Amino acid sequence: GGYAAIDATRILDTREVPGRLVAETEYRVDVPEDLVGTDATTLTVNLTVTEPSAPGYITVYPCGTDRPLASATNYTTDETRANVVDVPYEAGSDICLWSLVDTDAVIDVQGYHGPSNENRIVPRTATRLVDTRPGDKLEAGETRVIDVVGTGMASASATVVALNIAATQTEGPGFITVFPCGDKRPLASNLNFTADQTVSNEVFVEPGANGTVCVYTLTGTHLVVDLDATFEPSGTLAFSPVVAGRVADTRPADKLTAGETREWKIADGVAAVALNVVATQTAGPGFLTVFPCDTERPIASNVNFYERRQTVSNHVTARVDDNGNICVYASIATHIVIDVEGTYRELTN
């Protein structure tokens, strides 16, 4: 179906109620019945993990189904890390969490897919909108206005934009919140960081006043914003959710080398895809870029990591080539894991 954005709404914060997730235990999260449409097929949520007791991962999936071989976000000890997740959903049902270790977790719902929603994806090769380096750093407490509509950017008919937001050269612990300009800043975060990190997360947000999106930061940081896709009434691609399925895992012996671009098959008849892309056992600071194999690699990044031996994941909305393939470029040697959360195909009646 098409996509509908909602005001970011918190449905879980274990720091308040009911308390930390227990290691290797399924936890049910209630979704308020009036939060999304009755025909919603997928929830788009921002999952934040905070103060985990050891390195690990969380998996998110529909309650009543088998837990998939997939991670929704990866973390290290005492870290705060966020990632967007597309979760298959049926009205009146719950979504389930499973964590490898004890941790706190926060879930904010950003929107949902459903057949009655007329705004459908218009996939594109990622385009860089903002890079504040080297001399235009955001100050602590600043809200920066970002133009997302204009020549070479989103069209004026775009109702939602998918943005990859990266914070880099951060001055201390903090977070970033993205919201439509002209609206009140919500009680939600999209990206969390500590000092001297480079971290990224994908965000689905409605353009606000004059086609702008606002970015608030608690702490001084440089900001990089890439436009991954738009959702528009003219779009013809319908989203089909899947319980996350693995399509690539280079471990233990097929690591990407620095500067390598590798190709993976997603599926025939697919125009775009929603992925969770993980870099693990990284050789040093670097990034991954996901793009259709029939185009030049764009000046954009999808997954950022800032030190050796990290495990970092990010949600990626990407166009695929005519053969149903995606390419992944690694700036530094790393293993890669790719899980598919949904596909976009031509709408059929």
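Small disclaimer: the values here were computed from a predicted structure and weren't measured.
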Validation row: [X], [Y] side chains within 4.5 angstrom (heavy atoms):
| X | Y | value |
| --- | --- | --- |
| Tyr27 | Pro18 | yes |
| Thr132 | Arg144 | yes |
| Asp228 | Val316 | no |
| Val101 | Tyr57 | no |
| Cys96 | Glu26 | yes |
| Val178 | Val213 | yes |
| Val224 | Leu129 | no |
| Ile6 | Val109 | yes |

Indicate whether any N or O donor in one side chain lies under 3.5 Å from an N or O acceptor in the other, for [X] and [Y].
| X | Y | result |
| --- | --- | --- |
| Thr212 | Asp147 | no |
| Ser155 | Glu232 | yes |
| Glu202 | Thr317 | yes |
| Asn164 | Asn314 | yes |
| Asn74 | Ser313 | yes |
| Asn83 | Asn276 | yes |
| Thr50 | Asp104 | no |
| Thr236 | Glu346 | yes |
| Thr257 | Glu260 | yes |
| Thr250 | His335 | yes |

Approximate separation, where rounding is to 0.5 Å, of [X] [atom1] and [Y] [atom2]:
| X | Y | atom1 | atom2 | answer |
| --- | --- | --- | --- | --- |
| Arg81 | Thr194 | CZ | OG1 | 9.0 Å |
| Thr48 | Asp108 | OG1 | CG | 6.0 Å |
| Glu307 | Asp196 | CD | CG | 11.0 Å |
| Glu206 | Asp183 | CD | CG | 7.5 Å |
| Ser200 | Leu288 | OG | CG | 9.0 Å |
| Thr219 | Asn192 | OG1 | CG | 10.5 Å |

For atom [atom1] of [X], decide whether the heavy atoms of other residues, nucleotides or ligands shown that lie under 6.0 angstrom number more than 12.
| X | atom1 | value |
| --- | --- | --- |
| Arg309 | CZ | no |
| Glu263 | CD | yes |
| Ile299 | CD1 | no |
| Glu118 | CD | no |

**Item:** same_hphob_cluster(Leu12, Val45) at 4.5 Å side-chain heavy-atom cutoff
**Value:** yes
**Asked** Does Val215 belong to the same Ile/Leu/Val/Met/Phe/Trp/Tyr cluster as Val130, with side-chain heavy atoms less than 4.5 Å apart forming each link?
**Response** yes
**Message:** Does Lys265 form a salt bridge (Lys or Arg N to Asp or Glu O under 4.0 Å) with Asp321? I'd like the steps, not just the answer.
**Reply:** CA-CA 10 Å; Lys265 178 79 170 187; Asp321 67 19; over 6 Å; no
**Prompt:** Would Arg297 count as a cation-pi partner of Tyr329, with NZ or CZ less than 6.0 Å from the six-membered ring centre and within 45° of the ring normal?
**Reply:** yes
**Asked** Does the cation-pi check pass for Arg185 over Tyr216, that is, NZ or CZ under 6.0 Å from the six-membered ring centre and within 45° of its axis?
**Response** yes
**Request:** Report the C-alpha separation of Lys137 and Glu171 in whole Å, then their side-chain angles, then the decisive distance to 0.1 Å, and conclude whether the salt bridge (Lys or Arg N to Asp or Glu O under 4.0 Å) test is met.
**Result:** CA-CA 10 Å; Lys137 200 169 194 177; Glu171 294 179 357; 3.4 Å; yes
**Request:** Would you confirm whether the ring centroid of Tyr3 sits within less than 6.0 angstrom of the ring centroid of Phe204?
**Result:** yes
**Item:** Shortest non-hydrogen separation from Ala271 to Leu237 and the atoms involved
**Value:** CB-CD1, 3.6 Å
**Message:** Between Ser99 and Tyr75, does the side chain to side chain donor-acceptor pair (under 3.5 Å) criterion hold? Intermediate values first, please.
**Reply:** CA-CA 10 Å; Ser99 177; Tyr75 48 78; 2.8 Å; yes
